[in-house]
S.K.: 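One structure, pasted below without further comment.
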Amino acid sequence: MELNTLTAHELIDLLKTKEVTCDRIAASLETRIKGIDSKVKAYVRLDKQKEFKNSGAPKPGSSSLEGIPVSIKDNICTEGYNTECCSNILTGFKPPYDATVIRKLKDAGASILESKTNMDEFAFGSSTENSYFGPTHNPWNLDCVPGGSSGGSAAAVAADEAILALGSDTGGSIRQPASFCSVVGLKPTYGRVSRYGLIAFASSLDQIGPITKDVTDSALLMNVISGYDPFDSTSINVSVPNYRLSLGQDIKGIKIGIPREYFIEGLDREVKIILEEAIRELKNQGVHSQEVSLPHTEYAVPVYYIIATAEASSNLARFDGVQYGFRANEPTRANLIEMYKKTREEGFGEEAKRRIILGTFALSHGYYDAYYLRALKVRTLIKEDFDKVFKDFDCIITPTSPTPAFKIGERMEDPLKMYLSDIYTISSNLAGIPAISVPCGFTKAGLPVGLQILAKPFNEEILFKVAHAYEQRTAWHKMKPKI
Amino acid sequence: MNYEVVIGLEVHLHLKTRTKAFCGCSTEFGKEPNSQVCPVCLGFPGSLPVFNRVALDYAIKVALALNCKVQEYTKFDRKNYFYPDLPKDYQISQFDLPLSRDGFLEINQQGEIKRIGIIRVHIEEDAGKLIHRDEVSLVDFNRAGIPLLEIVSEPELNSAQEAHEYLVTLKSVIEYLDVSDCDMEKGSLRCDANISLRKKGDKLGTKIELKNMNSFKAVKDALDFEIERQAELLDEGKNIIQETRLWDARELKTMPMRTKEEAQDYRYFPEPDLPPFIIERNKIEEIKKGIPELPREKILRFMKDYGLSEYDAKILVFSQRNADYAEKCFKAYSKPDKKPIVNWLVGPALAATSQSRPEISDLNIPPENLVELISFVEKAEISNLSAKLVFTEMIKTGKPAATIISEKNLSQISDSGALNEIIELVIKENPRSASDYKAGKASALMFLVGQAMKKSQGKANPKVVQDILKRRLNDA
């Protein structure tokens, strides 16, 4: 039995009966990474570090992840371990502190991998191709992208190069790669998980969330990382339930809305058919489904690209070469402005520059009202769409992405087409609601498809309930890619 | 030509909270550079701000004292600009929904009360400090993140003198609230000015922004310089260019820094890391209750209740601790006319204060003891001259007046038997003065009194001496 192929909850059971040891888990993972990561490229800076650091025994009273390795996206701060957002501008940056989620994982006894998972630079992208370290390959088809921006985390979990992983989701960056790689990805309610230590892309949209092999592991990881954090003023003080209690429940009578605006032009035919099959499966278990409307859906992408880039343009200003990270070589006595310009020109990749320029423009004097302010207003309308539906429905089901994974390089020259890859995931970030993607089938070409479930704020429980019930009756999550 | 001067002031004030505005770092002044920093105030990637609620309480206190309307719904915004002393390359500030607006501060201008409008009072964070050394520039981030209050006045000040008075009055109010050190040298109070000139009745002229003034006097000097400079240009029929100018305290002139075309677009937008917040009415009421009587009201009350002149009241009220001390003295002194107390306070007491003991209360004389000393003088138990000696001794030793008087044997001699002897001696030694007086030269009497005082080592009661002398010389 290859330990690296198991889920965290399976390993925890084996650890309890002392059938395995933490060291053996770490060793099997290390072997796997050494064996195949040169093909998948889920991790970055592997040549420099590939240590599994064991953070020690769990603190009393904390939920135990003792000895379970967790892979971390390169934008979540880990004390003493490089955290570079896969950007040249953060070359060599070792944070002096742990993100709150990392501290919680360590408190629960988890091992944090020193090597971080690959991502689009600063999470700007939907394919992990915008990484300074080059793209990650989809374990199901190495010619395809794993999705993004948390493509490294999703690919690592899918290829059994990770047991558990953390990603971050600003517009679909956990769910879309989870869907492309046939793993489970959850974006929690905005404010459910602390953002302290997550290097910000768009502060009002970012959330950290789990990427796992199944729904049970997702609940397990959420139990550890959720909760109010006094160091994050946008985290919300709502008590955290034990998410494992949502598993194995009957879903009979649950009311599901199917938004008509998500099943239109642009949705791949095969994906549509697979989705309809998944919905039929849920109906067989007794859920009521009905078509609903989210009328402002078409504005989600433009609204998102104004708000997200505006916030990003400001969040990324601090990468100026003054305190940390990369600073361009300067001729002596170069002036300050030249230092800024050269550092940022050489430090940021194309997509980062594009978004900084877009965001700077949207906030500029004379344009603010027409772009940013208007986008905020439409954002409220999008949120109200969801509020209305959730008055009568427990959750909403949609495809996670309109297409399966696409070929590496295919969309790089067409940013707009790339942006549309997140058309089904963006709205939940704008509305701040939780959403999960679970594997629900494969195309004829063998590429995974994901089912997205959305619920009202702080109702992750219903997501786990429905997702787990679905997972129990299907075997998609057990399929393994051949690499 | 005669122009009307229009000045508005923008004051930045460090709030003296123990910790910074958005992190737990100490705000103490003068520490080793970059020793009071953390990932938050250094703007490290991934760090997030958490608002210090004490800073909010202090800010509300100032807003209320300046008669501003405190907004129930307020939020922070980001002010974006690149500069090495700004760790995040944006400053957390307030833009369209400031903490408070529409207040006023009353200043005294040649005996007249003038009300100066306050446009807004808002909270923001301070930046670090650049230190330039030869070829390199260094940054000290100890100051970065200290809570700042920005107080913006209406352009309603009409002279450099008025601007100066506004600053002095504002400082006094803030000191009463005990929320800032108001020390311009340490940078805990900073002031920028906008100034324009116009012909009376015309619309506002082109304004110049003045920066880099490091004392109240510098503000006044810079404004006076600017008034003259602009008046000359206008007299010559030239236009004023809208620009920012820096005061050069060595050269005593203002120098151009940047013009309007170079002005920055700060791209303000709501700070997404700090949700907007509601300030509860009852919180405002509670803070209001904690505001002490402010200088303006105290001056009026001292004039009314204790019969002080405005001049004396202002001197005593300028510092809250002096005012408190004075009031305790007034209460301990039973007579309705408090003039003797006031004379002592604004006279010897204030004169005895120093850099190390800046307030009267620092002199370690309980108010009752000072009142007792004054009553000894009034009861003629000691002379005025001795009283000053006793006072100095009280400061030195902390002993009450009575103890010092007996220890130093300073009781005044009012007993005519004892004085007769001295007076006979004085007349004998100064026959010329005695006869001068008898011949009608009144001033000769004062000379003889002085001689008698000298002979008694200051202990003689001058009034009794005078009486005895008069009687003795008139009889003869």
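Below, chains carry the letters A, B, ... as their sequence lines are ordered, and counting in each starts from 1. Everything quoted here is computed from the prediction, not taken from an experiment. Side chains included, hydrogens not; waters and symmetry mates left out as well; all remaining heavy atoms used.
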S.K.: Suppose we call two aromatic rings close when their centres sit under 6.0 Å apart. Are B/Phe44 and A/Phe93 close by that rule?
M.R.: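 Judged by ring-centre distance (under 6.0 Å), B/Phe44 and A/Phe93 do meet the cut-off.
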S.K.: Give the member of A/Thr234, A/Thr83, A/Ile76 that has the highest number of heavy-atom pairs under 4.5 Å with chain B.
M.R.: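 Counting heavy-atom pairs under 4.5 Å, the top option is A/Thr234.
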S.K.: Measure B/Tyr268 against the heavy atoms of chain A and call it side chain, backbone, both or neither at under 4.5 Å.
M.R.: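 It is the backbone, since no side chain atom gets that close.
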S.K.: So which atom in A/Tyr324 and which in B/Gly43 form the shortest heavy-atom distance, rounded to 0.1 Å?
M.R.: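 Scanning both residues, the minimum pair turns out to be OH-O, 3.3 Å.
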S.K.: Under 4.5 Å from any heavy atom of chain A, what part of B/Pro84 do you find: side chain, backbone, both or neither?
M.R.: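 Both backbone and side chain.
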S.K.: Does any part of the side chain of A/Pro96, heavy atoms only, come nearer than 4.5 Å to the side chain of B/Pro39, both counted from C-beta?
M.R.: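 Yes - at least one pair of side-chain heavy atoms lies under 4.5 Å apart.
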S.K.: NZ/A/Lys341 to CZ/B/Phe82 distance, rounded to the nearest 0.5 angstrom?
M.R.: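 Atom-to-atom, A/Lys341:NZ and B/Phe82:CZ are 12.0 Å apart.
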S.K.: Select one option (side chain, backbone, both, neither) describing which atoms of A/Leu90 are under 4.5 Å from chain B's heavy atoms.
M.R.: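 Only the side chain of A/Leu90 comes within 4.5 Å of chain B.
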S.K.: So which part of A/Tyr372 gets closer than 4.5 Å to some heavy atom of chain B, the side chain, the backbone, both or neither?
M.R.: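 Contact with chain B: side chain only.
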S.K.: Less than 4.5 Å apart, any side-chain heavy atom of A/Leu336 and any of B/Tyr83?
M.R.: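 Yes - at least one pair of side-chain heavy atoms lies under 4.5 Å apart.
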S.K.: Can you find a heavy atom in the side chain of B/Leu48 that is under 4.5 Å from one in the side chain of A/Ser233?
M.R.: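 Answer no - side chains too far apart.
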S.K.: Can you check whether A/Tyr97 reaches B/Cys38 side chain to side chain, under 4.5 Å on heavy atoms?
M.R.: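 Not in contact.
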S.K.: More than 12 non-hydrogen atoms from neighbouring residues, nucleotides or ligands closer than 6.0 Å to NZ on A/Lys383, yes or no?
M.R.: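 12 or below, so no.
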S.K.: For the residue pair B/Ser47 and A/Phe231, establish whether any side-chain heavy-atom pair is separated by less than 4.5 Å.
M.R.: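 The answer is no, as the side chains (C-beta and beyond) never meet within the 4.5 Å cut-off.
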S.K.: Check the pair B/Arg267, A/Ser364 against side-chain contact (heavy atoms from CB on, under 4.5 Å), reporting the backbone distance first and the verdict last.
M.R.: CA-CA 5 Å; B/Arg267 305 189 312 278; A/Ser364 294; 4.0 Å; yes
S.K.: Assess the side chains of B/Tyr90 and A/Arg318: does a donor N or O sit below 3.5 Å from an acceptor N or O?
M.R.: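 Note: B/Tyr90 and A/Arg318 side chains meet the donor-acceptor criterion.
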S.K.: Does atom OH (A/Tyr132) have a neighbourhood of more than 12 heavy atoms from anything else shown, all under 6.0 Å?
M.R.: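 No - once you tally the heavy atoms of other residues, nucleotides and ligands closer than 6.0 Å, there are 12 at most.
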S.K.: Rounded to the nearest 0.5 Å, how far does CZ of B/Arg78 lie from OG of A/Ser203?
M.R.: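 CZ of B/Arg78 is found 4.5 Å from OG of A/Ser203.
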S.K.: Is chain B contacted by the side chain of A/Thr360, its backbone, both, or neither, given a heavy-atom distance below 4.5 Å?
M.R.: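 Answer is both: backbone and side chain atoms of A/Thr360 are under 4.5 Å from chain B.
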S.K.: To the closest 0.5 Å, what do you measure between OH (A/Tyr368) and CG (B/Asp265)?
M.R.: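 Those atoms lie 12.0 Å apart.
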S.K.: Answer yes or no: are there more than 12 heavy-atom neighbours, outside B/Lys207 itself, under 6.0 Å from its atom NZ?
M.R.: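 For B/Lys207, atom NZ is not crowded (no more than 12 foreign heavy atoms under 6.0 Å).
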S.K.: Please indicate whether B/Lys129 has more than 12 foreign heavy atoms, meaning atoms of other residues, nucleotides or ligands, lying under 6.0 Å from its NZ.
M.R.: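 Counting neighbours around NZ of B/Lys129, 12 or fewer heavy atoms of other residues, nucleotides or ligands fall under 6.0 Å, so no.
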S.K.: Is it the backbone or the side chain of B/Phe269 that comes under 4.5 Å from a heavy atom of chain A, or both, or neither?
M.R.: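 Both backbone and side chain.
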S.K.: Answer yes or no: are there more than 12 heavy-atom neighbours, outside B/Arg18 itself, under 6.0 Å from its atom CZ?
M.R.: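 Atom CZ in B/Arg18 is not crowded, with 12 or fewer foreign heavy atoms closer than 6.0 Å.
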S.K.: Are there more than 12 heavy atoms of other residues, nucleotides or ligands under 6.0 Å from atom CD of B/Glu286?
M.R.: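 12 or below, so no.
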S.K.: Measuring from atom CG of B/Asn80 to atom OG of A/Ser313, what distance do you get when rounded to the nearest 0.5 angstrom?
M.R.: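 One gets 6.5 Å once the value is rounded to the nearest 0.5 Å.
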S.K.: State, with a plain yes or no, whether a side-chain heavy atom of B/Pro87 is found less than 4.5 Å away from one of A/Gln323.
M.R.: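 Touching, per the 4.5 Å side-chain cut-off.
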S.K.: First locate atom CG of A/Asp232, then atom CG of B/Asp273, and finally report the distance between them rounded to the nearest 0.5 Å.
M.R.: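 Atom-to-atom, A/Asp232:CG and B/Asp273:CG are 7.5 Å apart.
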S.K.: Kindly check if the number of other-residue, nucleotide or ligand heavy atoms within 6.0 Å of OH (A/Tyr367) is above 12?
M.R.: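 Counting neighbours around OH of A/Tyr367, 12 or fewer heavy atoms of other residues, nucleotides or ligands fall under 6.0 Å, so no.
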S.K.: So which part of A/Asn315 gets closer than 4.5 Å to some heavy atom of chain B, the side chain, the backbone, both or neither?
M.R.: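 Both parts, backbone and side chain.
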S.K.: Under 6.0 Å from the CZ atom of A/Arg354, do we count more than 12 heavy atoms belonging to anything else shown?
M.R.: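 Yes, enclosed.
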S.K.: Going through the checks in order, is the side-chain contact (heavy atoms from CB on, under 4.5 Å) test met by B/Val50 and A/Tyr196?
M.R.: CA-CA 11 Å; B/Val50 176; A/Tyr196 191 80; over 6 Å; no
S.K.: B/Pro272 and A/Tyr190: which non-hydrogen atoms are nearest, and at how many Å?
M.R.: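 Taking B/Pro272 first and A/Tyr190 second, the nearest heavy atoms are O-OH, 4.2 Å.
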